[in-house]
Amino acid sequence: MRTHRCGDLRPEDIGKEVTLCGWVDRRREHGEHLAFIDLRDRSGVIQVVVQGAADLRAEYVLQVKGKVRERPSETINESLETGGIEVEGLEVSVLAASEPPPFPIDDRTEVDEVLRLRHRYVDLRRDRLQNNLQLRAQVNSSLREAMKEQGFVEVETPMLVASTPEGARDFVVPSRKELGSFYALPQSPQIFKQLCMLGGVDRYYQIARCLRDEDLRADRQYEFMQLDIEASFVNGEDIRNIVSSAVSRATETVTGVKIDNIPSISWQEAMERFGSDKPDVRFGLELIELTELFKNTEFRAFQAPCVKGIRVPGGAEYSRGRLDELTDKSQNWGAKGLAWIKIENSEMVSPITKFFSEDEKNSLKSEMEADEGDLLLLVADEWSTVCHVLGLLRLEIGRPPINEGGFNFLWVIDFPLFEGTDENGNPASSHHPFTMPHEEDLSLLENGQTEGVRSLAYDLVLNGWELGSGSVRIHREDIQKLIFSTLGIEPDEAERRFGFLLDAFKFGAPPHAGFAVGLDRLTAILAGEENIREVIAFPKTQSGADPLTSAPSPIEDVRLTELGLKVLPPTE
RNA sequence: GGUCCUGUGGUGCAGUUUGGAGUGCACGCCGCCCUGUCAAGGCGGAGGUCGCGGGUUCAAAUCCCGUCAGGACCGCCA
C-alpha cells in the first residue's frame, strides 16, 4: 500500500514517486486552490501539498500518491526533520474518515487520565507514547541480547500456578474441574526459576509478567514485567555483575549514556544517611545523627532512642503554612511531631530551642553545619521511625524530577535477614525464607539471635526507585532447617507449605542466586517518565480499572455456577 | 484502612479565598473568505445538569455534609 514512511523521507528522495499512508495530523487550507496536509505515521510527519480544495479533517486516514520535491527556500521548516522537502499530492484517497478526536493528538495538552485510557488507541498516536513504546522495545531487546551473550537460556514458566501464602495478595483463578480449588497468577516466577536451577538449566532468564493484587501507585500496576534471572554456581557479586552489565547495556542503547560502574552501599548505611532502603542519591539533604548530642537533654520530646535531623539550605524562608504542612505529613508518616529551627540573623528561631541548653544549641549548630538562612528539621523516636520520616521529608523537600541528574544506579547490599515479626510474634523474613544468611552472621543465627543478622540479599536502585531485588538462595538443608525454626515454622508446616521445593532440594541442589529487574520502572526512568503508565500500552487506573474495556466486570450467573462460586453482598 | 489535590461547553484552563445573571481565555467544532502555510490567518456562529446528592442562604460553580471518579502519597507491595 505504501512505498515509504512519512518521517523517513529525506532530500535524497527528491524526484521520487512515492505512496504514503497515514493520518491527517494538521491541515492548513487556503481556499479552493491550495491546502497543506501534515501526514503522520509512526515515523513522523511530512507535508503534503494539494492543489485545489481538500475536504479533509483531523485524523482522516489517507493514502497519498505523489512526488517528493524540494521546498522553496523561504518555506523550509527547520523544526521538522522532513522540513526541507514536501510531497506534491497527486492522488489523495481517504481510507477512513474520522470524527473529531476526543482530545488533541499533540504532546502539549495534558489530558484527563480516564479520557486518555478510554481512548487509548488515540492516545497511543501521540509522539510521547509512540516514542515510549519504541524505547521500551529497545530496552527489551538489548536486555535479551545482553543475557544471551552471558550464556543465559530463555525459559518460559506457567501463568496458572499454586497459590502460596508468602508475599503479596494473589490474583486467583477458579478451577472448573475441581470446584473450590484455585490457581494463582504468579507474583513472580521465583519457585520455577529455582526449579530450573535444580533442573540443570545453569543460567535462566525470562522477560516475565508478574501479578500482585496490591494497591497501585505511580510505579506499581497490578501487572508488571520483570527481567527475571537465576544462575547456578555463582555468588551474589557474580549476579550483580551480570545484572549491572545488562542494565548498563540497555541504558546506553536507549539514552547513549554510558554507565561505568554501579556503586554499592550497605542497607545500614543507606538507612542512616538517606532514611531509605532505596536512596535517591541525586541530591544531598542527608540525615545527620544527633542521638548522642541530646543524650542528656531536658527536652522531653527528644528523650528518645534516636534523634536525627536534616539541614535544608535556604529553608529559613519557609512560611509557617509550609512548616505546618511538613509537620502534618511527618505525623501522617508516623512521627509524633516535627521540630524545626530556622537560622535567621545568626539566631536560632524556633518554638523549641528554649528547652535546649547552650551546649546543646552550640553542638547542634556545629554538628549540622548550620548556616545563615538554613532550616533544621529534627525527629526523635525509634530509630526506624526517625529514618523513615526523615527519609520521606528529604524526598518531599529536595527530590528533583525523575529526568534530571542522570542515571544513578546503586546496589544496596547486606539487607537484614529478618524484619519485624509476624502475627504470631515470630521473626519475619525481610526477603523470603530461602534467602541465604550472610556467612559472617551464621554464628549469631546459631545462637538464636536475629537482630543484626544480615542476608545475601541485594536491591538495585535507580534515582530513588527500587528497580529490583535478588538474593543468594539457601541450598543446604541444615541452614534451611535453621531458618525455618527461627521463623517459627514447624517441620510439618514447612512440609505442607514448601514440601515440593524442599523435596526437590534433596536431589542434588546446585548453589544458585538470582535477581529480577522491574522493566516498567527501568523503562520509565530511561524515558524520563514519572509514571509507569506512560510506558505501558494499556495500563490501569489507580483503582485497578481499565476504562477502555471496562475491566473488571461482572460475569454471568451460569458461569459462576459452573465454577462453583457465589458472590456475597459487600460486607460493611 | 488513612491523608492530600483535582472535577466548570468536545479539549486545556481561569473564576471558588471574600456567595450576587453561566462571566472569561486558548484550542477544537460549524459557516463564509483566503494560492506558500506549518500550533496558518481573517470574519461570524453554535455549544453548559459548574461530577452527583443533600444542606445553609433571599441568592451557591463559590460555604457545609455526603458520595462518585481521577491523581499523588502513607499503610500494603516476601
Side-chain angles (χ1 to χ4, degrees), chain A residues 25-39 45-54 57-59 71-80 82-83 86 88 99-119 122 164-170 187-188 190-191 210-222 224 325 328-335 388-389 391-392 395-396 399 415 417-420 422 427-435 455 457 459 466 469-471 487 516 518 530-531 533 540-545 547:
Chain A
D25 192 58
R26 203 153 266 116
R27 72 211 138 86
R28 296 171 291 280
E29 297 187 59
H30 295 243
E32 54 195 21
H33 300 291
L34 178 69
F36 300 96
I37 308 296
D38 290 340
L39 193 66
V45 168
I46 183 84
Q47 173 166 284
V48 176
V49 185
V50 179
Q51 293 295 332
R57 298 287 182 277
E59 298 310 304
R71 289 197 193 190
S73 60
E74 68 277 11
T75 66
I76 287 171
N77 186 345
E78 299 287 354
S79 63
L80 220 55
T82 58
E86 61 191 10
E88 181 186 4
E99 292 181 13
F103 50 85
I105 319 291
D106 61 42
D107 285 344
R108 296 190 308 279
T109 317
E110 284 287 332
V111 182
D112 177 75
E113 197 63 26
V114 178
L115 200 63
R116 292 182 63 190
L117 293 182
R118 185 173 297 143
H119 302 278
V122 172
T164 54
E166 265 58 48
R169 196 177 291 115
D170 284 323
Q187 296 176 24
S188 77
Q190 181 64 36
I191 304 270
C210 305
L211 299 104
R212 294 178 192 173
D213 187 2
E214 298 292 351
D215 290 353
L216 284 61
R217 287 279 199 289
D219 62 350
R220 272 159 45 186
Q221 287 266 311
Y222 283 152
F224 58 98
E325 187 191 339
D328 283 350
K329 290 196 177 200
S330 300
Q331 285 170 343
N332 195 24
W333 293 330
H388 177 66
V389 172
L392 290 171
L395 295 176
E396 166 76 22
R399 187 174 205 174
F415 271 72
L417 189 58
F418 304 102
E419 203 172 25
D422 66 11
S429 289
S430 57
H431 192 58
H432 61 57
F434 310 109
T435 307
S455 71
D459 274 9
E466 183 194 319
S469 58
S471 62
L487 292 171
E530 304 270 0
N531 195 303
R533 283 192 304 268
K540 292 185 174 51
T541 65
Q542 195 166 62
S543 62

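These numbers come from the heavy atoms of this one structure, side chains and all, not from hydrogens, waters or symmetry mates. In what follows, chains carry the letters A, B, and so on, assigned in the order in which the sequence lines appear, proteins first and then strands, with residues in each chain numbered from 1.
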Partner set under side chain to side chain contact (heavy atoms under 4.5 Å, CB included) for A:I191, not counting sequence neighbours: A:L195, A:F500, A:L501

side-chain N/O A:S543 vs B:G70 OP1/OP2, d < 4.0 Å: yes

Nucleotide of B:C77, B:G70, B:G2 approaching A:N332 most closely (side-chain heavy atoms): B:G2

Side chain to side chain contact (heavy atoms under 4.5 Å, CB included) partners for A:L80, two or more places apart: A:R71, A:N77, A:T82

Summary of protein contacts for nucleotides 30-42 of chain B, nucleotide by nucleotide, where a base hit scores B, a sugar-phosphate-only hit scores S (4.0 Å, heavy atoms): S---BBBBBBB--

Any N/O donor-acceptor pair, A:D215 side-chain to B:G75 base, under 3.5 Å: yes

Distance-only donor-acceptor test, A:R220 side-chain atoms vs B:C77 base atoms, 3.5 Å: yes

Residue closer to the 5' end of RNA chain B, A:A545 versus A:A218 (nearest nucleotide): A:A545

Side chain to side chain contact (heavy atoms under 4.5 Å, CB included) partners for A:N332, two or more places apart: none

Sugar-phosphate, base or nothing in reach of A:E113, heavy atoms under 4.0 Å: sugar-phosphate

Pairing residues for A:E214 by the side chain to side chain contact (heavy atoms under 4.5 Å, CB included) criterion, not counting sequence neighbours: A:A168, A:R169, A:R220

Touch class at under 4.0 angstrom, heavy-atom based, for A:R533 against every strand present: sugar-phosphate

Shorter than 3.5 Å, N or O on both sides, protein versus nucleotides 8-16 of chain B: list them out with atom names.
{"unit_1": "B:G12", "atom_1": "OP1", "unit_2": "A:D112", "atom_2": "N", "d": "2.9"}

